[in-house]
Amino acid sequence: MSVSAMAELTVGFVQTGSESGWRTAFTNATKAEAEARGYDFKFADAQGKQENQIKAIRSFIVQGVDGIVLAPLVTTGWDKVLKEADRAGIPVVLVDRGLDSDPSLYVTSVGSDFTMEGAMIGAWMAVETEGTCDIVELQGAVGADAAIKRQAGFANVIENFPGMQIIASQTGSWSSTGGKEVMESFLKSIGGENICAVWAHNDNMAIGAAQAIKEAGLQPSEDILIASVDAITDIFKTMADGETNVTLELSPYQGAAAFDALEAHLAGEDVPKRITVPGGLFYPETAAEEYARRK
Ligand code: AHR
């Protein structure tokens with residue numbers, strides 16, 4: 001396909017919804033990238049429902065788009081609709097999260113290494129606490145690739161430290177409200193003095209947990225450590241205010257890699273089945289500077 005033809009590509013993007021600050025940043029960055037490439041870009045917000053994602057994929061198939069980019073809410077339940085896209089000859093590129101279908105049904109899966117993210121936070125916590133810590137975990141949404149793999153990566157690391165254990169774990173559904181409510185229940189049932197650290201699968205839940213800890217009369221990041229993933233702008237404000245300890249960046253700029261893969265596939269080029277997006281750790285020492293730069 002010629003470069004000029006690429007600029008006229010019609011691409012359907014099936015997003016999970018707007019469940020977190022990172023998701024919104026990812027949506028905005030992806031829309032900007034599509035506009036910069038001159039795509040006829042069709043956006044579907046599934047509002048947190050897989051059935052809406054499946055409906056959107058079917059609609060894009062009927063519309064005859066050149067390609068579909070999908071951020072799958074959960075890892076299961078995709079075989080049927082992916083086979084429909086395959087039969088229609090419409091390539092599907094996964095972005096952000098993966099899924100449990102035959103890899104022949106999608107071009108590639110673009111995203112971060114969620115397992116490594118959990119492992120990196122586990123390693124940070126082991127060093128920070130010298131291997132002794134009773135941890136509460138705020139999980140992402142049930143069934144989401146990011147939650148499943150972050151939980152596994154973290155657990156794989158802390159099982160090497162007999163003094164570290166997860167004493168409570170529950171989903172906060174990626175939101176600050178959810179993180180706050182679950183943390184309030186942990187503080188009530190366990191007692192803040194018995195909790196060493198919070199492992200939150202994303203920054204929004206970490207921010208909610210910090211609020212709950214403060215309202216319980218404790219100092220977040222000191223009385224109870226808080227670690228999370230995403231590096232959204234707001235976490236840098238919370239960190240600069242001395243309320244969380246570390247965040248691991250999940251790049252919102254994955255659209256470019258997804259679009260590159262789609263264009264390469266349409267041009268008949270080979271595309272690797274997995275394209276990993278890296279992320280680094282950020283600490284309070286640079287939080288104020290990062291917040292000023294990102295807001
Ligand atoms: O799939 C990535 C996760 O989904 C992010 O960490 C979270 O903020 C979003 O809801």
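As the structure is a prediction and not an experimental result, all values here were calculated from the model. Remember, it's 1-based here, ligands and their atoms both numbered in the order they're listed.
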Does an N or O anywhere in D96 fall below 3.5 Å from an N or O of ligand 1? yes

May I ask you to check if ligand 1 and W22 share an N or O to N or O distance below 3.5 Å? no

Need the ligand 1 atom indices (1-based, order shown) with element for anything under 4.0 Å from a heavy-atom of L250. 2 (C), 5 (C), 6 (O)

Minimal heavy-atom distance between R274 and S109, with the atoms involved, is NH1-O, 3.1 Å

Tell me: protein heavy atom nearest atom 8 (O) of ligand 1, and distance? D230 OD2, 2.6 Å

Atom of A287, atom of A240 and distance for their closest heavy-atom approach: CB-N, 3.7 Å

Which one holds for I232 and ligand 1: side chain close, backbone close, both close, or neither close, with close meaning a heavy atom under 4.0 Å? neither

Taking the minimum heavy-atom distance to atom 1 (O) of ligand 1, which of Q254, R97, R150 ranks first? R97

What residue among E263, E8, K31 forms side-chain hydrogen bond (donor to acceptor under 3.5 Å, both in side chains) with Y39? E263

Can the ring centroids of F26 and Y253 be said to lie less than 6.0 angstrom from one another? no

When you measure from the side chain of K49 to the backbone N and O of L73, does any donor-acceptor pair fall under 3.5 Å? no

4.0 Å heavy-atom contact, V229 with ligand 1: no

Considering the heavy atoms of S20, write down every atom of ligand 1 situated less than 4.0 Å from one of them. 7 (C), 8 (O), 9 (C), 10 (O)

Any donor-acceptor pair under 3.5 Å from D230 side chain to W22 backbone: no

Look at atom 10 (O) of ligand 1 and say which protein heavy atom is nearest, naming residue and atom and giving the distance to 0.1 Å. E19 OE2, 2.6 Å

Rounded distance (nearest 0.5 Å) linking atom CG of N52 with atom OG of S59: 12.0 Å

